[in-house]
Amino acid sequence: MSYRQAVRQVQENIDLKTQIAHEKVLFELYDAYEVVEQMKHVVADNVSQPDNMLKGTRDLLKRYPSCYTVGVSFPENFYPVKGKWFSPCSYRLNDSIITTVTGGTDFDYFQREWYKGALKSGDKGYWGKPYWSHVIDKTIFTYSDNFVDNAGNLICVINVDFSLEWMQQLLEQFKLIDEAVCVIYSSDGTVLTSSDNHAGYDTEHLSEDDWIVSRQTFEWIDIEMAIAVPQWHIWKSILWRILWSLIVLVLSILVIGVLIRRMLRDQQENARLETEKKEMDHELHIANGIQMGILRHDFPQDESITVYADLIPMREVGSDLYDFCRQGDYLWFIIGDVSGKGVPATMFMSAAVNLFRSALGHQTSPKAIMEEMNAVLSDNNPTLTFVTAFIGRLHIPSGQLLFCNAAHMPPLVKSSDHSVRIINMVPNIPLGYEKTFKYVEEGCMLDMDEKLVLYTDGVTEARNTERKMMGQEKWLEIVTHDDNLLGAVKRYIGEAEPTDDITLMTIRKKSTAQPVSVCVPNHLEQWPSLRRTLHEYGVCTGIEKHTLKKLEIALEEAVVNIISYSHATEIELNIQRSTLNAQRSTLNITLTDNGVPFDPTSSECDTAKVIEERQIGGLGISLLRQIMDEQHYQRTDERNQLTIIKYL
């Protein structure tokens with residue numbers, strides 16, 4: 001690899017890392033909009049009870065850990081009894097949250113940039129420039145927005161402060177090497193924060209003479225973030241490549257010398273070639289045995305599921321692949337087809353199977369496994385060998401099938417009434433082309449006695465003795481009327497010579513569908529697991545993205561209430577979709593815990609009461625009721641059970 005190529009490769013890598021970091025920062029900063037909008041609801045509900053707004057600022061600060069301050073600043077003499085200034089707020093100090101009322105001659109917020117900017121921003125909000133806060137001893141920046149009544153009169157200005165500290169920690173995760181530098185600047189080139197105490201770096205020191213730099217700008221908060229890799233890292237890599245090239249060259253010369261010497265010494269060339277041919281045939285026979293040994297044949301067969309697969313290579317060795325693994329209630333599986341034929345394709349096939357098995361040990365989704373395999377197979381692939389593949393994860397009790405496709409043939413689903421449907425999906429690109437490609441993950445549901453049929457193009461492109469291709473229409477006919485699929489394909493081919501490898505895999509769900517259920521300890525750290533369970537169920541049952549996002553918010557409110565007030569040791573989540581009629585269905589979410597009696601549906605947000613007297617959980621339940629259509633609570637067998645229902 002040349003110097004320019006090495007630089008371009010590093011530049012592309014850090015550009016990608018910086019872009020991903022930029023998107024994650026944007027996702028976190030989106031909390032500002034959510035906090036302000038939720039605070040507007042608190043103000044609207046408590047405009048006649050201003051002291052009640054203190055708890056609202058504190059609750060929002062607890063819910064959004066990336067925020068450092070949440071405050072509400074009212075216009076001059078808005079509340080005459082409070083005086084000229086009145087600004088209830090909460091802010092973080094070390095590990096504590098301080099709730100207080102600010103405003104006065106020592107803190108005239110009317111003169112603050114964020115207050116003035118919010119008044120001029122209209123309905124777009126105002127992002128302030130970063131500045132050093134002596135209160136929390138950190139560099140922060142502020143998002144503020146005005147809140148007006150229906151007549152356009154100003155009620156208050158709401159501000160949310162963020163620290164640059166979490167943004168720097170996020171950048172650290174995307175460093176390619178330890179020597180890389182992550183820096184956050186202001187618009188004039190001033191370093192606001194940097195990695196490894198590199199406070200001396202500025203825009204000139206990160207020049208292209210010494211560094212390979214990638215930058216992303218947040219114009220609305222007037223900051224720029226950069227990730228830089230030193231140029232000497234490239235030279236070090238190239239020198240190692242040169243050294244290894246020299247070693248390979250010397251070894252190659254020695255090998256060539258030995259071969260020439262042997263050729264000159266060999267007086268029976270024809271006999272030697274014949275011998276080598278026989279040895280090659282023997283090795284191919286051994287390779288065929290190794291390949292067949294790689295493929296699994298211990299098919300799961302029980303009262304809940306039946307799995308069957310077979311591979312018929314066109315030559316001594318094939319390039320198709322399949323694999324599966326039962327992990328508790330989950331069945332993981334893959335089917336694929338490597339481009340090309342012969343030993344090189346077989347080696348690529350073996351690598352793909354081993355990568356799949358390795359990824360199963362630490363990845364939790366088909367998308368993650370597909371992207372990990374693609375990254376490895378795309379590296380050092382000068383022949384551009386590629387693999388079409390379909391990876392699925394079936395939750396056997398519920399029939400929830402999560403999958404990711406890499407340009408493979410669309411699977412078929414055969415129902416108990418012998419009807420057959422094609423799973424429509426995003427094709428994506430094959431494995432081995434572009435290591436940074438982001439695959440799309442999708443899902444569907446398998447009902448009782450439905451059979452999933454997966455196959456390679458060697459099936460639909462099979463030709464009979466008249467050289468007529470089977471095609472998709474004939475294949476659908478076979479799947480519909482014949483249970484012995486491989487036998488039917490063989491009968492169609494007859495005495496004709498195979499034109500490609502033929503691989504089939506069938507997965508039949510035999511048990512009735514059960515609700516999705518998961519039980520976790522009663523800790524806030526378990527929330528991502530519960531959210532992922534709901535998200536995957538929504539993807540597989542076809543819930544619209546916008547609705548699914550609202551359902552996740554509703555579930556979060558319910559879970560946070562349980563974690564905060566029930567004193568339970570565990571939470572059980574059950575999800576089930578029920579059909580009302582041909583047009584409507586419901587999504588039923590049930591949360592069960594072993595805590596003290598606690599009925600969150602009885603909580604009300606009574607604005608007439610002061611904050612100390614208000615029912616716990618009122619604000620969260622109000623949001624839950626806005627999203628969901630029904631909420632039911634019951635206490636059974638010393639356990640709380642909350643059921644929330646959404647009409648779809």
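All values below come from the heavy atoms of this structure, side chains included, with hydrogens, waters and symmetry mates left out. All residue numbers refer to positions in the sequence shown, counting from 1.
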Engineer: So, do F107 and R112 sit near enough that their side-chain heavy atoms are less than 4.5 Å apart?
Structural biologist: yes
Engineer: Work out which heavy atom in V539 is nearest to a heavy atom in E442; give both atom names and the distance.
Structural biologist: CG1-C, 3.7 Å
Engineer: Taking atom types as modelled, is there a side-chain donor on T99 or S90 under 3.5 Å from an acceptor on the other?
Structural biologist: yes
Engineer: What pair of heavy atoms forms the shortest contact from S365 to E441, and how long is it?
Structural biologist: CB-OE2, 3.3 Å
Engineer: Can I get a per-line list of side-chain donor-acceptor pairs under 3.5 Å for residues 144-159, giving both atom names and the distance, sequence neighbours left out?
Structural biologist:
from	atom 1	to	atom 2	distance (Å)
S144	OG	W114	O	2.7
D145	OD2	K40	NZ	3.2
N146	ND2	A118	O	2.7
N146	ND2	G122	O	2.8
D149	OD1	A151	N	3.0
D149	OD1	G152	N	3.0
D149	OD1	N153	N	2.7
D149	OD2	N153	ND2	3.4

Engineer: With rounding to the nearest 0.5 Å, note down the distance linking CD1 in I589 to CD in Q576.
Structural biologist: 12.0 Å
Engineer: With a 4.5 Å cut-off on side-chain heavy atoms, are Q400 and V516 touching?
Structural biologist: yes
Engineer: Tell me if the NE2 atom of H362 is crowded by more than 12 foreign heavy atoms within 6.0 Å.
Structural biologist: yes
Engineer: More than 12 heavy atoms of other residues, nucleotides or ligands under 6.0 Å from CD of E638: yes or no?
Structural biologist: no
Engineer: Given V101 and S87, is the side chain to side chain contact (heavy atoms under 4.5 Å, CB included) satisfied, shown in steps?
Structural biologist: CA-CA 5 Å; V101 176; S87 178; 5.6 Å; no
Engineer: Should E544 and K550 count as an ion pair when the cut-off is N to O under 4.0 Å?
Structural biologist: no
Engineer: Does the side chain of E552 come within less than 4.5 Å of K549's, by heavy atoms?
Structural biologist: yes
Engineer: Judged by atom type as modelled, is there a donor-acceptor pair below 3.5 Å linking the side chain of N46 to the main-chain atoms of Q49?
Structural biologist: no
Engineer: Would you give the length of the straight line joining atom OG1 of T69 to atom CG of L61, rounded to the nearest 0.5 angstrom?
Structural biologist: 7.0 Å
Engineer: If every non-hydrogen atom of M370 is compared with every non-hydrogen atom of C404, which pair is closest and at what distance?
Structural biologist: CE-O, 3.0 Å
Engineer: Side chains of N588 and R577: do they bring a donor and an acceptor to under 3.5 Å?
Structural biologist: no
Engineer: Please check if any side-chain donor atom of T601 sits under 3.5 Å from a side-chain acceptor atom of D599, or the reverse.
Structural biologist: yes
Engineer: If you take all heavy atoms of M445 and S398, which pair is closest and at what distance?
Structural biologist: CE-O, 3.3 Å
Engineer: For residues 517-524, which side-chain N or O atoms pair as donor and acceptor with protein atoms under 3.5 Å away, sequence neighbours left out?
Structural biologist:
from	atom 1	to	atom 2	distance (Å)
S517	OG	E572	OE2	3.4
S517	OG	N574	OD1	3.3
N522	ND2	A568	O	2.8

Engineer: State whether the side chain of E371 and the backbone N or O of Y439 hold a donor-acceptor pair below 3.5 Å, judged by distance alone.
Structural biologist: yes
Engineer: Below 4.0 angstrom, N of the basic side chain to O of the carboxylate: do E557 and R625 qualify?
Structural biologist: no
Engineer: Name the one of V70, I97, I98 that satisfies side chain to side chain contact (heavy atoms under 4.5 Å, CB included) with R92?
Structural biologist: I97
Engineer: What's the separation between atom CD1 in I553 and atom CG in L548, rounded to the nearest 0.5 Å?
Structural biologist: 10.5 Å
Engineer: Hey, mind stepping through N640 and I562 against side chain to side chain contact (heavy atoms under 4.5 Å, CB included) and telling me if it holds?
Structural biologist: CA-CA 9 Å; N640 297 310; I562 294 173; over 6 Å; no
Engineer: OG1/T436 to CD/E434 distance, rounded to the nearest 0.5 angstrom?
Structural biologist: 4.0 Å
Engineer: Is the closest side-chain donor-acceptor distance between Q634 and H632 under 3.5 Å?
Structural biologist: no
Engineer: Determine whether the side chains of E536 and H395 contain a donor N or O and an acceptor N or O closer than 3.5 Å.
Structural biologist: no
Engineer: What do the steps show when you test V560 against W527 for side chain to side chain contact (heavy atoms under 4.5 Å, CB included), and what is the final call?
Structural biologist: CA-CA 9 Å; V560 169; W527 162 240; over 6 Å; no
Engineer: Look at the side chain of R63 and the backbone N and O of V35, then say whether any donor-acceptor pair between them is shorter than 3.5 Å.
Structural biologist: no
Engineer: Using the ring-ring contact (aromatic ring centres under 6.0 Å, His included) definition, which of the options W85, Y109, Y79 pairs with F74?
Structural biologist: Y79
Engineer: So which atom in M53 and which in P88 form the shortest heavy-atom distance, rounded to 0.1 Å?
Structural biologist: CB-CG, 4.2 Å
Engineer: Any side-chain heavy-atom pair from L573 and T590 closer than 4.5 angstrom?
Structural biologist: no
Engineer: Working to the nearest 0.5 angstrom, can you tell me the gap between F86 CZ and S73 OG?
Structural biologist: 10.0 Å
Engineer: If we only count heavy atoms from C-beta on, is the R639 to E570 side-chain gap below 4.5 Å?
Structural biologist: yes
Engineer: Going by the angle between their ring planes, with limits at 30° and 60°, are Y115 and F110 parallel, tilted or perpendicular?
Structural biologist: perpendicular
Engineer: Passes side chain to side chain contact (heavy atoms under 4.5 Å, CB included), K646 versus L648? Steps please.
Structural biologist: CA-CA 6 Å; K646 181 69 176 178; L648 303 173; 3.9 Å; yes
Engineer: Below 4.5 Å, heavy atoms only, C-beta onward: do L580 and Y647 meet side chain to side chain?
Structural biologist: yes
Engineer: Taking the six-membered ring where the residue is Trp, are the ring centres of Y33 and Y143 under 6.0 Å apart?
Structural biologist: yes
Engineer: Can you name the nearest heavy-atom pair linking P50 to K82, along with the distance?
Structural biologist: CG-CE, 4.2 Å
Engineer: Take atom CG of D95 as the centre, draw a 6.0 Å sphere, and report whether it contains more than 12 heavy atoms from other residues, nucleotides or ligands.
Structural biologist: no
Engineer: Roughly how far apart are L555 CG and I575 CD1, rounded to 0.5 Å?
Structural biologist: 7.0 Å
